[in-house]
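Keep in mind that this is a model prediction, so the values were computed, not measured. Each ligand, and each atom within it, is numbered from 1 in the order the structure gives.
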Amino acid sequence: MYTYKEPLKPLKIGEMTAEKPIIQGGMGVGVSRSSLAGAVAAEGGIGIISTAQIGYDEEGFERDQAGCNRIAIRKHIRRAKEIAGGKGLVGVNIMVALKHYKEHVQEAVSAGADVIISGAGLPMDLPKLVGESRTKIAPIVSSRRAAQLILKMWAHRYDRTADFIVIEGPKAGGHLGFSREQLKNIETLDYDKEIKEIISCKALYEEKFGIKIPVIVAGGIFDRTDIDHMMALGADGVQIASRFVATKECDAADAYKQAYIQAEPKDIQIIQSPVGMPGRALRNEFIRGLETVRKPIKKCYNCLEKCDPRSVPYCITKALIDAVRGDVRNGLVFCGANVDRIHEMTTVHDLMQELCY
Ligand SMILES: Cc1cc2nc3c(=O)[nH]c(=O)nc-3n(C[C@H](O)[C@H](O)[C@H](O)COP(=O)(O)O)c2cc1C
């Protein structure tokens with residue numbers, strides 16, 4: 001039962017507007033593609049497609065990952081826009097750590113992505129790569145230091161600033177911009193303070209460039225109370241990922257969604273990723289197995305700029321593709337810290353209604 005709340009305000013990013021200030025976070029590999037992102041946009045939100053190995057089910061992927069990923073980026077942006085029917089916004093999440101980062105940005109821009117959100121590294125060259133296009137850009141930051149560094153560098157090198165900023169906190173799913181030490185005690189981090197500090201450092205650039213830079217907060221946001229809390233801290237919107245997995249429209253296999261629904265607190269674990277960052281995932285047979293043996297890599301999928309297949313404990317592309325296809329015992333299932341609170345399947349429409357009202 002929901003009590004009536006004031007409707008959330010639309011999110012304005014430059015000349016673009018999303019009726020609902022909710023971004024569905026990009027989820028790779030293949031968890032957020034056109035079906036999920038299109039449905040979120042159709043509800044007036046911002047649907048984000050992850051470009052990480054997005055073409056994993058395209059014909060010829062085993063031979064040519066880069067080519068298939070480019071084809072799939074274009075195909076899924078177009079398809080998501082068709083599903084959205086002119087409502088909301090459709091964008092992509094492109095990880096800086098990807099080997100073909102530049103190509104993914106260029107393909108997304110030429111396919112008409114409304115926004116590009118970029119993290120897992122510092123997206124220093126993103127302004128140059130999008131050039132004068134209409135695509136809006138946002139870095140993902142987890143600290144004031146990272147926010148300051150990026151905004152300062154973009155202003156200095158490219159005489160421009162971010163169109164919006166995504167702050168990703170320690171409760172997020174996937175790769176995390178925190179040390180394992182910090183992640184051991186997330187309740188003691190006082191992350192609300194960090195959020196306020198990150199928000200305060202944008203003022204200088206808003207004034208310098210005469211624009212408003214909306215701030216979006218992500219990580220463990222579960223319901224309207226959490227959204228209201230972030231808005232009270234000064235956020236203009238939120239990015240939510242895990243909750244969108246247990247929806248009919250999510251692009252992952254049904255077994256993946258069921259793994260979320262059945263997850264308990266004891267099943268959530270911080271792991272080390274070949275990306276070089278910690279990540280949060282479901283503790284399954286795959287994760288338990290890694291405690292004793294390394295999984296030798298039979299084939300390299302050329303996904304990461306910095307990955308040595310001879311020394312990493314497992315191939316992240318293979319582990320994520322196995323999971324999204326439904327092998328949730330032997331694959332890597334990323335999840336946010338509040339995954340244990342998800343108990344049932346829903347639809348994007350119902351979830352957006354629940355979050356907004
Ligand atoms: C399954 C899964 C995959 C993710 N993949 C990516 C990714 O490819 N790139 C990225 O920047 N963030 C990724 N994230 C992070 C989300 O975009 C989002 O910011 C975060 O999970 C928000 O926290 P929440 O899941 O608690 O809502 C992923 C998260 C999940 C749960």
Note: ligand 1 atoms sitting under 4.0 Å from heavy atoms of Q239 are 17 (O), 18 (C), 19 (O)

Are there more than 12 heavy atoms of other residues, nucleotides or ligands under 6.0 Å from atom NZ of K295? yes

With heavy atoms only and a cut-off of under 4.0 Å, state how Y256 meets ligand 1: side chain, backbone, both or neither. side chain

Can you list the ligand 1 atoms lying under 4.0 Å from a non-hydrogen atom of S50? 8 (O)

To which protein heavy atom is atom 25 (O) of ligand 1 closest, and what is the distance rounded to 0.1 Å? S242 OG, 2.6 Å

Atom NZ of residue position K171 - does it have more than 12 heavy atoms of other residues, nucleotides or ligands inside 6.0 Å? no

For M95, take its heavy atoms, then give the atoms of ligand 1 lying under 4.0 Å from any of them. 9 (N)

Per-atom contacts of ligand 1 with G25, taking only distances under 4.0 Å to non-hydrogen atoms: 17 (O)

With heavy atoms only and a cut-off of under 4.0 Å, state how Y260 meets ligand 1: side chain, backbone, both or neither. side chain

Electrostatic pair R74-E107, nearest N-O below 4.0 angstrom: yes

Among the heavy atoms of I240, does any lie under 4.0 Å from an atom of ligand 1? yes

Please confirm whether the backbone N or O of D223 pairs with a side-chain atom of D226, one donor and one acceptor, at under 3.5 Å? yes

Of all the atoms in ligand 1, which lie at a distance below 4.0 Å from a heavy atom belonging to K171? 26 (O)

Close approach of A120 to ligand 1, heavy atoms, under 4.0 angstrom: no

Just let me know how I140 lines up against ligand 1, side chain, backbone, both or neither, with a heavy-atom cut-off below 4.0 Å. side chain

Do N302 and H100 pair up side chain to side chain, a donor and an acceptor below 3.5 Å, judged on atom types alone? no

Around atom 14 (N) of ligand 1, find the nearest protein heavy atom and jot down its residue, atom name and distance. G26 O, 3.3 Å

Can you tell which part of A172 has a heavy atom less than 4.0 Å from ligand 1: side chain, backbone, both or neither? both

Counting heavy atoms only, which of R243, M27, E168 is nearest atom 3 (C) of ligand 1? M27

The closest protein heavy-atom partner of atom 26 (O) of ligand 1 is G220 N, 2.8 Å

Considering only NZ, NE, NH1 and NH2 on the basic side and carboxylate oxygens on the acidic side, decide whether E197 and R145 come within less than 4.0 Å. no

Counting heavy atoms only, which of A337, G336, G219 is nearest atom 23 (O) of ligand 1? G219

Closest non-hydrogen atoms of P139 and A162, given as atom of the first, atom of the second and distance, are CD-CB, 3.8 Å

What is the nearest protein non-hydrogen atom to atom 8 (O) of ligand 1, stated with its residue, atom name and distance? G28 N, 3.3 Å

Tell me whether N93 contacts the main-chain N or O of I116 through its side chain, where contact means a donor paired with an acceptor under 3.5 Å. no

Among protein heavy atoms, which lies nearest atom 27 (O) of ligand 1, and at what distance? A241 N, 2.9 Å

Verify the neighbour count for atom CD of E62: are there more than 12 heavy atoms of other residues, nucleotides or ligands below 6.0 Å? yes

Check this for me, if you would: do E291 and R283 make a salt bridge, where the nitrogen-to-carboxylate-oxygen distance has to be below 4.0 angstrom? yes

Check whether the side chains of D125 and Y158 place a donor and an acceptor atom closer than 3.5 Å, and report yes or no. yes

If you take the nearest heavy atom of each of I54, V92, N93, which one is closest to atom 10 (C) of ligand 1? N93

Kindly confirm or rule out a cation-pi arrangement of R224 over Y357, judged by NZ or CZ under 6.0 Å from the six-membered ring centre and within 45° of its axis? no

Which protein heavy atom lies closest to atom 15 (C) of ligand 1, and at what distance to 0.1 Å? G173 O, 3.3 Å

